[in-house]
Amino acid sequence: LPEGGSPGDLKAVRDGRAGVQDEGSQLVALALATAPLEAPDALWVDLCAGPGGKAALLEAVAAERGARLVAVELQPHRAGLVRKAGVRDVLCADGRRPPLADGSVDRVLLDAPCSGLGALRRRPESRWRRQPADLPALTALQGQLLDAAVRLLRPGGLLAYVTCSPHLAETAVPVLDVLRRHPRLERVDARPLLPGVPDIGDGPAVQLWPHRHGT
């Protein structure tokens, strides 16, 4: 698109043959998909998959490698959106209790429900909908989902934890907490998985910003 153009001007988007996705969403999905992993590498899970943009991208990459992606989404209407995005294997289930065997998954994406304060450029009305009192319930849910994701992982598997929030209570704190609860986890430096992205900090986590990265 030319700068300032509308995605709706593209015929493929109007016809439903293409979707629109923020670059940050693409980057985190590709980071998970391209991170080195010792075999096996056959089963991937998107644990909170709605509305399906990241899941669709992961499924395309997984298919190229002969892997299977399972998308888990709690809300039926959002699970429908995941299917509409082209993901074939969609489970309408609670990500805290996914109907998958413990220790069976090679790669897990947890794009956790959060305050969404990092997406105000796209959803400016969120600043009026969110209150400090919302955080405890959200962070508790994030912790429960992280524990479920860890249970799914096989030894040597990889988990990507992602939020649309810059708030430390939803980013650094849940990661530190899950590392304490599961001492066998090891942190992976995410910076090499985003080649060409400038100003991504000292690691091992990566924070993308609208004013720095246009995401």
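Residue numbers run from 1 in the order of the sequence given. Note that the structure is a prediction, hence the values are computed from the model and not measured.
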Can you check whether [Y]'s main-chain N or O pairs, donor with acceptor, with [X]'s side chain at less than 3.5 Å?
X    : Y    : value
R154 : P40  : yes
E73  : G50  : yes
Q75  : H77  : no
H213 : T215 : no
D15  : R17  : no
E59  : R88  : yes
D106 : L43  : yes
R191 : D202 : yes
R107 : G157 : no

Does [X] belong to the same Ile/Leu/Val/Met/Phe/Trp/Tyr cluster as [Y], with side-chain heavy atoms less than 4.5 Å apart forming each link?
X    : Y    : result
L153 : L37  : no
L69  : L110 : no
V28  : L145 : no
L57  : V13  : no
V178 : Y161 : yes

Begin with the C-alpha distance, continue with both residues' side-chain angles, and end with the deciding distance and a verdict on side-chain contact (heavy atoms from CB on, under 4.5 Å) for W44 and L58. CA-CA 8 Å; W44 302 4; L58 286 173; 4.2 Å; yes
Heavy atoms, side chains only, cut-off 4.5 Å: are [X] and [Y] in contact?
X    : Y    : answer
R96  : L141 : yes
L109 : L47  : no
V175 : R187 : yes
L146 : L159 : yes
V197 : V206 : no

Which atom pair, heavy atoms only, marks the closest approach of [X] to [Y]?
X    : Y    : value
G143 : R181 : O-NH2, 3.4 Å
A85  : A56  : O-CB, 3.6 Å
V87  : V90  : O-CG2, 3.5 Å
A35  : L193 : CA-CD2, 3.7 Å
P166 : Q207 : CA-OE1, 3.9 Å
L194 : A31  : CD1-CB, 3.9 Å

Heavy atoms from other residues, nucleotides or ligands near CD of Q26 exceed 12 (cutoff 6.0 Å):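 Atom CD in Q26 is crowded, with more than 12 foreign heavy atoms closer than 6.0 Å.
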Is it the case that atom CZ in R184 sees more than 12 heavy atoms from other parts of the structure closer than 6.0 Å?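 It does not: R184 CZ has 12 such atoms or fewer within range.
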Where do T139 and Q142 land on the side-chain contact (heavy atoms from CB on, under 4.5 Å) test, with the steps shown first? CA-CA 5 Å; T139 55; Q142 290 156 7; 3.8 Å; yes
Can L74 and C92 be said to form a side-chain contact (heavy atoms from CB on, under 4.5 Å), step by step? CA-CA 5 Å; L74 175 62; C92 189; over 6 Å; no
Under the side-chain contact (heavy atoms from CB on, under 4.5 Å) criterion, do V45 and V72 qualify, and how do the steps go? CA-CA 7 Å; V45 170; V72 179; 4.2 Å; yes
As an exercise, state the distance from CG of L91 to CG of D46, rounded to the nearest 0.5 Å.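 Answer for the CG-CG pair, L91 versus D46, is 11.0 Å.
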Kindly compute the distance separating CG (D22) from NZ (K54), expressed to the nearest 0.5 Å.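 The CG atom of D22 sits 8.5 Å away from the NZ atom of K54.
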D89 bridged to R68 by N-O distance under 4.0 Å: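 Yes, this pair counts.
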